[in-house]
Amino acid sequence: MNRTTTSETEIIVGALSFTAVVSFMSEEEAQFEIRECVGASLLRAIDQASDADVARALLERSDMRFRLKYILGAWPAEDEDEDPYEIDAEQSDASSEAIALPFQPTAPDILSSDLRSYVARIRTLAEQCRAAFEANEKKARSTY
């Protein structure tokens with residue numbers, strides 16, 4: 001079952017002609033939501049969750065009212081069930097005629113790469129936070 005992003009809706013019934021209005025959140029509201037997403041993902045990283053869990057916390061708020069995944073893309077699925085030795089019929093036909101072409105990354109490839117770098121940055125920040133916290137705890141214990 002898929003969920004949908006919710007928004008406030010107002011329906012005015014009256015005359016035969018009608019108009020529609022679309023409201024977007026303010027820049028301040030968007031910044032707040034993004035900070036909440038980054039904070040949630042940072043907490044997951046501090047708890048040493050998997051990269052997929054850290055990314056999920058970054059990309060989707062628990063209330064599902066704001067989703068960065070619509071902008072940043074989804075975390076790439078790990079296809080562990082596939083047989084690494086299986087040869088695709090299209091691939092085997094094409095390989096006999098193929099000419100080596102340079103790799104051209106697609107938009108999903110670029111988004112996936114960007115998202116992986118964001119999760120790596122969050123992990124780095126989480127380690128810095130953990131180290132600072134542990135240093136403060138050690139310092140506090142030594143003063144008492």
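All heavy atoms count here, side chains included; hydrogens, waters and symmetry mates do not. Just so you know, residue 1 is the first one in the sequence shown, and it goes up from there.
Remark: D51 engages R123 in a salt bridge, criterion side-chain N to carboxylate O under 4.0 Å.
Here the shortest heavy-atom pairing between R116 and P76 reads NH2-CG, 3.2 Å. Here the closest heavy-atom approach between residue G73 and residue L115 is recorded as O-CD2, 3.9 Å.
Screening I122, V119, L125, I46 for a side-chain contact (heavy atoms from CB on, under 4.5 Å) involving S41 leaves a single residue, I122.
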Throw together a table of side-chain donor-acceptor distances under 3.5 angstrom for residues 54-61, partners on residues two or more places apart or in other chains.
from	atom 1	to	atom 2	distance (Å)
R56	NH1	D53	OD1	2.5
E60	OE2	K69	NZ	2.6
R61	NH1	E33	OE1	2.3

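Shown here are the side-chain hydrogen bond (donor to acceptor under 3.5 Å, both in side chains) partners of E29, two or more places apart in sequence or in another chain: S26. For F133, the side chain to side chain contact (heavy atoms under 4.5 Å, CB included) criterion is met by E137, not counting sequence neighbours. In terms of the side chain to side chain contact (heavy atoms under 4.5 Å, CB included) criterion, residue partners of I34 (sequence neighbours excluded) are, by chain and number, V38, F66, L68. Applying the side chain to side chain contact (heavy atoms under 4.5 Å, CB included) criterion to Q48, with sequence neighbours excluded, gives R130. Annotation: side-chain hydrogen bond (donor to acceptor under 3.5 Å, both in side chains) contacts of Q128 (sequence neighbours excluded): none.
A donor-acceptor contact closer than 3.5 angstrom is absent between the side chains of Y118 and R121.
To the nearest 0.5 Å, the span separating CD on E127 from OG1 on T124 amounts to 8.0 Å. Rounded to the nearest 0.5 Å, atoms CG (L42) and SG (C37) are 12.5 Å apart.
Linking Ile, Leu, Val, Met, Phe, Trp and Tyr residues whenever their side-chain heavy atoms come within less than 4.5 Å places W75 and L72 in a single cluster.
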